[in-house]
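Below, chain A is the first sequence line, B the second, and so on; all start at residue 1.
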Amino acid sequence: MNRPEPPPRVRFAPSPTGSLHVGGARTALFNWLFARGRGGAFILRIEDTDRQRSREDLSREIIEELAWLGLDWDEGPIFQSRRAGLYLPAAEELLERGAAYRSEPDTEGKTAIILRVPPAEITVPDRVYGAVTVSAAELKDIVLIKSDGSPAYNFACVVDDHDLGITHVIRGDDHLPNTPKQIILYRALGWEPPAFAHLPLILGPDKSPLSKRHGATSLKAFREAGILPDALVNYLSLLGWSPGGDRELMNRDELVREFSLEKVSRKAAVFDHQKLVWMNGRYIQEAAPADLVRALRPLLAGTGWEPVPDGRMEEAVILLGHRLKTLADFPDLAGFCLQGEIDYNPEAVAKYWSGEDVPEILAEVRGTIAAADPFAREELEAALRGLAERRGVKGGVLLHPLRVALTGRKDSPGVFEILSLLGRETSLARIDRAAAFLARRT
RNA sequence: GACCCCGUCGUCCAGCGGUUAGGACACAGGCCUUUCAAGCCUGUAACACGGGUUCGAUCCCCGUCGGGGUCGCCA
């Protein structure tokens with residue numbers, strides 16, 4: 001006999017005084033998952049009542065990064081600064097009723113409106129922490145309207161949440177001590193408080209709260225480092241939550257289906273960048289090459305590369321896809337097959353080009369490659385292995401020097417794949433260049 | 001300091017009175033192999049401590065210790 005709950009209405013309410021960081025993103029994500037899993041509404045509200053510290057460019061950035069993460073909202077963005085008319089009447093009503101009073105005028109003669117808080121004991125029913133009781137002897141009177149006329153945080157928050165019909169307030173742990181005050185506010189106003197759920201904090205490796213000194217923690221930084229939004233969503237979902245059991249790799253649909261507040265942890269979690277990067281690699285492996293090419297484009301802007309057509313990029317992505325942990329690895333790994341000039345890595349030269357017979361080997365390899373017909377992976381492998389056999393050596397003796405000639409590096413995908421990607425002309429040109437390099441050396 | 005929260009491998013999670021305490025990242029070794037990755041296999045590694053309750057505690061209760069949060073006319 002479970003009566004259907006009305007669809008929930010939740011909100012994410014960042015203040016534009018800093019970039020959106022992983023902690024905020026995780027809060028947004030949990031709200032989003034909760035709403036999407038229950039046919040509810042996810043509302044974006046920008047808390048910009050602090051006129052000094054709020055910045056419009058940061059509002060824009062937060063909105064953009066949320067969109068990048070794929071957390072779409074149903075209402076908003078709603079800016080608190082544009083709904084000033086809402087707060088004052090509510091405060092004045094409390095004033096008239098004698099529940100609130102005006103502060104002593106400051107030096108400029110302005111006054112604040114403050115709620116009188118009688119000593120009481122407040123119990124916060126929390127969906128994550130259970131019942132948290134605060135002996136409210138220490139609760140002080142609560143500022144409603146600051147003397148500059150703008151609403152104070154707790155008041156604005158309550159008025160807005162009520163006005164928007166918010167049913168579940170899901171937010172960071174650091175707000176837990178605020179909650180008794182907000183419940184007092186709801187009661188004073190004669191409103192029914194929403195359900196509350198507080199999320200544990202995200203810490204840095206030294207167990208202190210995650211901050212700038214732990215490196216890049218803004219979403220913008222993750223995007224620029226080549227982290228895929230799907231990977232970040234999956235990783236973040238597992239910080240302070242799990243579906244139970246051993247499942248880790250889950251797409252959005254699965255997360256939406258599985259998420260519940262009951263399984264949210266009460267323990268702060270350390271952000272593990274390495275695991276994020278690992279997970280990102282898994283998502284890159286499974287991504288469609290065309291999608292990766294699209295995601296790669298903005299990252300190539302800063303490399304000074306010659307333009308590369310999509311088709312060519314896609315071939316490179318297919319060749320290298322399994323080796324990428326982040327998109328940012330791509331320029332270094334793919335340069336040899338997408339750009340004209342290659343540099344010879346000194347270690348590669350020392351390791352694979354030091355032998356006396358390398359020029360001769362390359363010459364023979366060149367001949368074999370020149371004669372390959374058709375110029376395709378299978379035929380090239382057969383021909384080069386045949387050459388090794390005739391010379392009585394293992395394949396590597398030929399392949400290593402050739403790899404350096406083709407890529408300039410000591411590590412790369414398979415040589416035969418590279419040959420067929422580069423084509424006969426480029427392959428031969430690179431071998432010739434290597435021969436010239438070696439001739440000059442002696 | 002006061003109030004509140006938390007405490008399982010280095011890290012993220014599983015466990016919800018009886019388990020050889022499980023998975024993942026990282027780390028180590030192996031397989032594969034033309035290199036490096038990837039992939040596959042194996043291994044190292046944890047219930048903070050002390051009291052209870054119980055036939056039996058990682059799990060329930062109390063304390064200690066440790067970590068964190070909040071104490072603004074910031075949000």
**Student:** Can you check the A:Ile122 CD1 to B:rC3 C1' distance for me, whole Å?
**Tutor:** 14 Å
**Student:** I want to verify a distance call: between B:rC73, B:rA26, B:rU11, whose nearest atom is closest to the A:Gln274 side chain?
**Tutor:** B:rA26
**Student:** From B:rG68, B:rU34, B:rA75, pick the nucleotide closest to the side chain of A:Ser15?
**Tutor:** B:rA75
**Student:** When rounded to the nearest Å, what value does the distance between P atoms of B:rA38 and B:rA28 take?
**Tutor:** 12 Å
**Student:** Looking only at atom C1', what distance separates B:rA48 and B:rG66, rounded to whole Å?
**Tutor:** 8 Å
**Student:** For the pair A:Arg83 and A:Asp163, find out whether any cationic side-chain nitrogen is under 4.0 Å from an anionic carboxylate oxygen.
**Tutor:** yes
**Student:** Within this structure, what is the OH-to-C1' distance between A:Tyr101 and B:rC73, rounded to whole angstrom?
**Tutor:** 11 Å
**Student:** Would you mind pulling out the nucleotide paired to B:rG22, Watson-Crick or G-U wobble, both distances under 3.5 Å?
**Tutor:** B:rC13
**Student:** For B:rG22 versus B:rC47, give the span between their P atoms, rounded off to a whole number of Å.
**Tutor:** 13 Å
**Student:** Reckon A:Ser242 has a side-chain N or O less than 4.0 Å from the OP1 or OP2 of B:rA14?
**Tutor:** yes
**Student:** More 5' along RNA chain B: A:Trp278 or A:Gln80, using each one's nearest nucleotide?
**Tutor:** A:Trp278
**Student:** Quick check on B:rG72: is either OP1 or OP2 less than 4.0 Å from any side-chain nitrogen or oxygen of A:Lys140?
**Tutor:** yes
**Student:** Give one of base, sugar-phosphate or nothing for A:Gly172, where a contact means two heavy atoms less than 4.0 Å apart.
**Tutor:** nothing
**Student:** Side chain of A:His400 only, heavy atoms from C-beta on: which candidate in B:rG39, B:rU35, B:rC5 is closest?
**Tutor:** B:rU35
**Student:** Indicate whether the side chain of A:Ser19 and that of A:Glu61 have a donor and an acceptor atom separated by less than 3.5 Å.
**Tutor:** yes
**Student:** How many Å lie between CG on A:Leu58 and P on B:rA75, as a whole number?
**Tutor:** 15 Å
**Student:** Can a salt bridge be assigned to the pair A:Arg385 and A:Glu389 using a cut-off of 4.0 Å between side-chain N and carboxylate O?
**Tutor:** no
**Student:** Taking C-beta and beyond as the side chain, do A:Asp230 and A:Asn251 meet within less than 4.5 Å on heavy atoms?
**Tutor:** no
**Student:** Given that both distances must come in under 3.5 Å, which nucleotide forms a Watson-Crick or G-U wobble pair with B:rG50?
**Tutor:** B:rC62
**Student:** To the side chain of A:Val415, which of B:rC73, B:rU34, B:rC12 is closest?
**Tutor:** B:rU34
**Student:** Can you tell which of B:rG7, B:rU11, B:rU34 lies closest to the side chain of A:Val270?
**Tutor:** B:rU11
**Student:** Taking CD from A:Glu417 and P from B:rA38, how many angstroms apart are they, rounded to a whole number?
**Tutor:** 17 Å
**Student:** Starting from the 5' end of RNA chain B, give me the residue, A:Gly395 or A:His322, whose nearest nucleotide shows up first.
**Tutor:** A:Gly395
**Student:** With a 3.5 Å limit on both atom pairs, tell me what B:rC3 is paired to, counting Watson-Crick and G-U wobble, or say none.
**Tutor:** B:rG69
**Student:** What's the gap between B:rC71 and B:rC25 when it is taken at their P atoms, as a whole Å value?
**Tutor:** 39 Å
**Student:** Expressed as a whole number of Å, how far does the C1' atom of B:rU35 sit from that of B:rA14?
**Tutor:** 39 Å
**Student:** Hey, are A:Tyr153 and A:Asn178 close enough side-chain-wise for a donor-acceptor pair under 3.5 Å?
**Tutor:** no
**Student:** For A:Glu262, which residues count as a salt bridge (Lys or Arg N to Asp or Glu O under 4.0 Å) partner, sequence neighbours excluded?
**Tutor:** A:Arg127
**Student:** Considering every strand and a 4.0 Å limit on heavy-atom distances, what is the contact class for A:Tyr153: base, sugar-phosphate, or nothing?
**Tutor:** base
**Student:** Does B:rU11 have its OP1 or OP2 closer than 4.0 Å to a side-chain nitrogen or oxygen of A:Lys207?
**Tutor:** yes
**Student:** Looking at B:rA75, does its base get a donor-acceptor pair with the side chain of A:Asn178 below 3.5 Å?
**Tutor:** yes
**Student:** Can you check the A:Glu248 CD to B:rA26 C1' distance for me, whole Å?
**Tutor:** 13 Å
**Student:** Closest approach to the side chain of A:Lys275, judged atom by atom: which nucleotide of B:rC5, B:rG23, B:rU34 is it?
**Tutor:** B:rG23
**Student:** Scan every strand shown for a Watson-Crick or G-U wobble partner of B:rG39, both distances under 3.5 Å, and answer none if you come up empty.
**Tutor:** B:rC31
**Student:** Counting side-chain heavy atoms from CB outward, which of B:rU35, B:rC13, B:rG69 is closest to A:Tyr352?
**Tutor:** B:rU35
**Student:** Answer with base, sugar-phosphate or nothing: what part of the nucleic acid does A:His175 contact at a heavy-atom distance below 4.0 Å?
**Tutor:** base
**Student:** How far, in whole Å, is B:rG51 from B:rG67 if one measures between their P atoms?
**Tutor:** 23 Å
**Student:** Should the pair A:His400 and A:Tyr352 be assigned to parallel (<30°), tilted (30 to 60°) or perpendicular (>60°) ring geometry?
**Tutor:** parallel
**Student:** Counting the atoms with a prime plus P, OP1 and OP2 as sugar-phosphate, which does A:Pro200 contact under 4.0 Å by heavy atoms, base, sugar-phosphate, or nothing?
**Tutor:** nothing
**Student:** What distance, rounded to whole Å, do you find between the two C1' atoms, one in B:rU70 and one in B:rU19?
**Tutor:** 40 Å
**Student:** Using only side-chain N and O atoms of A:Arg403, determine if any of them is under 4.0 Å from OP1 or OP2 of B:rU34.
**Tutor:** no
**Student:** Taking any heavy-atom pair under 4.0 Å as a contact, classify A:Gln52: base, sugar-phosphate, or nothing.
**Tutor:** nothing
**Student:** Taking only side-chain nitrogens and oxygens of A:Thr49, does any of them come within less than 4.0 Å of OP1 or OP2 of B:rA75?
**Tutor:** yes
**Student:** Counting side-chain heavy atoms from C-beta on, which of B:rC4, B:rU34, B:rC73 comes nearest to A:Leu176?
**Tutor:** B:rC4
**Student:** Which nucleotide, B:rA75, B:rC6, B:rC4, lies nearest any side-chain atom of A:Arg266?
**Tutor:** B:rC6
**Student:** Give the nucleotide from the list B:rC5, B:rU34, B:rU8 with an atom nearest to the side chain of A:Phe416.
**Tutor:** B:rU34
**Student:** Any salt bridge between A:Glu254 and A:Arg257, counting N to O under 4.0 Å?
**Tutor:** no
**Student:** If the cut-off is 4.0 Å, is A:Lys267 near the phosphate of B:rU8, judged by side-chain N/O to OP1 or OP2?
**Tutor:** yes
**Student:** Could I get the full list of salt bridge (Lys or Arg N to Asp or Glu O under 4.0 Å) partners for A:Glu64, not counting sequence neighbours?
**Tutor:** none
**Student:** Rounding to an integer number of angstrom, what distance separates B:rC9 and B:rG17 when you compare their C1' atoms?
**Tutor:** 23 Å
**Student:** For A:Glu47, which contact category applies under a 4.0 Å heavy-atom criterion: base, sugar-phosphate, or nothing?
**Tutor:** sugar-phosphate
**Student:** Taking OP1 and OP2 of B:rU34, is either one under 4.0 Å from a side-chain nitrogen or oxygen of A:Arg385?
**Tutor:** yes
**Student:** By the 4.0 Å heavy-atom rule, please label A:Ala269 as base, sugar-phosphate, or nothing.
**Tutor:** sugar-phosphate
